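Working notes, beginning with the structure itself.
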Amino acid sequence: MRRAMTMFVIGATALLATALPWAQAPVNKGTVTLSGAWAIYPTAVAWGAAFEKAKPGVKVEVSAGGAGKGAADAIAGLVDIGMVSRDPDPAELQKGITPLFMLHDAVFGVVSDKNPLLADIRKSGLKKQALVDMYITGAAATWDQVLSGAPKRPIHVYTRSDSCGAAASWASYLGKKQEDLKGVGIYGDPGILETVQRDPVGIGFANFAYVFGRDGKVLPGVALVPLDADANGKGDPGEILVDRAAAVKAIEANTYPVARKNYFFVKGKPAGLVREFIAFCLSEEGTKVVDQVGTSLPLPKADREKVLKSIE
């Protein structure tokens, strides 16, 4: 009887490992630490809570601070996983970082919904050159310089003070790096959004995770800036993103120009509890968590399976 029970347990464990890849070679005690991108932070917190519930005795500690902090902490071995919302730099790869594609999202230009020129902004959109004139060369100091026929009003340009994926992605769209961006530096996505809400002539940028409320609508007090990607001088229906559903459609159709990948950075190849956590995040259960949180977009199944295979 005892031998039969032992064989049953062994068989059940094998079946569990097959059904739930993240449960292979389970570790039931320990701590997984993450730091980094604000964009990934809400989803990572929810992943951590779900993982802890599935594995009592395990702790997942998550802190934000920007993609630059996540990358630096992972390289220095201060955390198990760095959350990075931009593509890895060659120098980071040379330091032994393995980037694991976990989520995707986008960065959006934002203005106050009290901006007196909002109708003009939506009508024509902003061409890339207009953003270059605001953020890179500083050639545009008033709204009439980027919106034909608009009255002369000052432009208050806001960027990020912390090293982050949002600024890196915004700068990359403009052909530069974060350090090339002009404007008043503000810490974090919440800081940018609060500043823009209070400034009727300001412009900034923020992550997908922070620009929409739980109802799927754009955050109160904020309006998304249509990016005139085809440079036809009009804010086309596919460029005027009025809610989360429209943004998701544009991101998934690859028509939104500042879409990006989100990564976990690990040193070398993940093992033990860290590998289990990553595999859980990429499992069907982990994907349900992403959908429930709603601040990032999950990867298609084929992409998730590709990442899982790379860490076997």
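Each residue takes its place number in the sequence, starting with 1. All values below come from the heavy atoms of this structure, side chains included, with hydrogens, waters and symmetry mates left out. Quantities reported herein were computed from a predicted structural model and do not represent experimental measurements.
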Next on the checklist: With rounding to the nearest 0.5 angstrom, report the CH2 to SG distance, Trp38 to Cys164.
Outcome noted: 10.5 Å
Checklist entry - Looking at side-chain heavy atoms only, is the closest gap between Val60 and Thr31 below 4.5 Å? => result no
Next on the checklist: Please check this pair: side chain of Asp144 against backbone of Ala150, looking for a donor-acceptor N/O pair closer than 3.5 Å.
Outcome noted: no
Item to check | Student check: side-chain heavy atoms of Ile75 and Glu92 closer than 4.5 Å | outcome: yes
Checklist entry - Which heavy atom in Arg160 sits nearest to a heavy atom in Ala167, and how many Å separate them? => result CB-CB, 4.2 Å
Checklist entry - Does one hydrophobic cluster hold both Leu93 and Val266, with members joined at side-chain heavy-atom distances below 4.5 Å? => result no
Checklist entry - Tyr256 vs Phe108 aromatic rings, parallel, tilted or perpendicular, using cut-offs 30° and 60°? => result tilted
Item to check | Main-chain N/O of Gly188 paired with Asp162 side-chain donor or acceptor, under 3.5 Å | outcome: yes
Item to check | side chain to side chain contact (heavy atoms under 4.5 Å, CB included) between Met102 and Tyr263, intermediate numbers included | outcome: CA-CA 5 Å; Met102 301 296 293; Tyr263 297 88; 5.8 Å; no
Item to check | Cluster link Val146 to Val184, ILVMFWY, side chain under 4.5 Å | outcome: yes
Checklist entry - Can you name the closest pair of heavy atoms from Pro200 and Ser112 and give their distance? => result CA-CB, 4.0 Å
Checklist entry - Minimum heavy-atom separation for Gly204 to Val196, with atom names? => result N-CG2, 3.9 Å
Item to check | Same apolar cluster (I L V M F W Y, side chains within < 4.5 Å links), Ile40/Val79 | outcome: no
Next on the checklist: For the CG atom of Asn254 and the NE2 atom of His104, what is their distance to the nearest 0.5 Å?
Outcome noted: 9.0 Å
Next on the checklist: On a heavy-atom basis, which atom in Trp143 and which in Gly202 lie closest, and how many Å separate them?
Outcome noted: CZ2-O, 4.3 Å
Checklist entry - Quick one: OG1 on Thr159 to CD1 on Ile186, what's the gap to the nearest 0.5 Å? => result 9.5 Å
Checklist entry - Do the side chain of Gln145 and the main chain of Thr142 share a donor and acceptor less than 3.5 angstrom apart? => result yes
Checklist entry - Is it true that Arg304 and Glu284 have a side-chain N and a carboxylate O under 4.0 angstrom from each other? => result yes
Item to check | Val211 and Val110, any side-chain heavy atoms less than 4.5 Å apart | outcome: yes
Checklist entry - Any side-chain heavy atom of Pro154 within less than 4.5 Å of one from His156? => result yes
Item to check | Donor-acceptor contact below 3.5 Å, side chain Thr98 vs main chain Gly268 | outcome: yes
Item to check | Side chain Asp89, main chain Ala91, donor-acceptor under 3.5 Å | outcome: no
Item to check | Electrostatic pair Asp105:Arg260 at N-O distance under 4.0 angstrom | outcome: yes
Next on the checklist: Is any side-chain heavy atom of Ser310 closer than 4.5 Å to one of Val307?
Outcome noted: yes
Item to check | Asp228 side-chain N/O to Gly233 backbone N/O, donor-acceptor pair under 3.5 Å | outcome: yes
Item to check | Audit row: Thr295, Phe212, side chain to side chain contact (heavy atoms under 4.5 Å, CB included) steps and yes/no | outcome: CA-CA 8 Å; Thr295 57; Phe212 302 108; over 6 Å; no
Next on the checklist: Could you see if Val222 belongs to whatever hydrophobic cluster contains Val242? Use Ile, Leu, Val, Met, Phe, Trp, Tyr and a side-chain cutoff under 4.5 Å.
Outcome noted: no
Next on the checklist: Pairing donors with acceptors under 3.5 angstrom, does anything connect the side chains of Asp180 and Tyr135?
Outcome noted: no
Checklist entry - Between Lys176 and Val132, is any pair of side-chain heavy atoms under 4.5 Å apart? => result no
Checklist entry - With a 4.5 Å limit on heavy-atom distance, are the side chains of Ile121 and Leu147 in contact? => result yes
Checklist entry - Angle class for the Phe264/Phe277 ring planes (parallel below 30°, perpendicular above 60°, tilted otherwise)? => result parallel
Next on the checklist: Does any part of the side chain of Ile311, heavy atoms only, come nearer than 4.5 Å to the side chain of Leu100, both counted from C-beta?
Outcome noted: yes
Item to check | Verify same cluster id: Val290, Val293 (apolar side-chain graph, 4.5 Å) | outcome: yes
Next on the checklist: Using a strict threshold of under 4.0 Å (side-chain N to carboxylate O), is an ion pair present between Arg122 and Glu239?
Outcome noted: no
Checklist entry - Which of these passes side-chain contact (heavy atoms from CB on, under 4.5 Å) with Leu297: Ile251, Asp291, Thr43? => result Ile251
Item to check | Lys/Arg-Asp/Glu bridge criterion (N-O < 4.0 Å) met for Glu276, Lys55 | outcome: yes
Checklist entry - Taking Ser172 for the side chain and Ala168 for the main chain, is one N or O donor matched with an acceptor at less than 3.5 Å? => result no
Checklist entry - Any donor and acceptor pair, going by atom type alone, linking the side chain of Asp189 with main-chain N or O of Leu193 inside 3.5 Å? => result no
Checklist entry - Closest heavy-atom contact between Ala44 and Met83? => result CB-SD, 3.5 Å
Item to check | Criterion side chain to side chain contact (heavy atoms under 4.5 Å, CB included) on Ile97 and Lys267, from CA distance to verdict | outcome: CA-CA 5 Å; Ile97 284 297; Lys267 284 291 284 289; 3.9 Å; yes
Checklist outcome for this item: In this structure, CZ of Phe265 is separated from NZ of Lys95 (nearest 0.5 Å) by 11.5 Å
Next on the checklist: Quick check: closest heavy atoms across Leu118 and Ala223, and the distance to 0.1 Å?
Outcome noted: CD1-CB, 3.8 Å
Next on the checklist: What's the separation between atom CG in Asp236 and atom CG in Leu227, rounded to the nearest 0.5 Å?
Outcome noted: 12.0 Å
Next on the checklist: Whether Lys128 engages the ring of Tyr173 as a cation-pi pair (distance to the six-membered ring centre under 6.0 angstrom, angle to the ring normal within 45°) should be assessed.
Outcome noted: yes
Checklist entry - Is a side-chain N or O of Glu252 found less than 3.5 angstrom from the main chain of Lys249, in a donor-acceptor match? => result no
Item to check | Test log, rule side chain to side chain contact (heavy atoms under 4.5 Å, CB included), inputs Asn262 and Val84 | outcome: CA-CA 6 Å; Asn262 294 171; Val84 180; over 6 Å; no
Item to check | Flag, side chain of Trp170 to backbone of Phe205, donor-acceptor distance under 3.5 Å | outcome: no
Checklist entry - Once you round to the nearest 0.5 Å, how far does CG of Leu181 lie from CG of Leu174? => result 7.0 Å
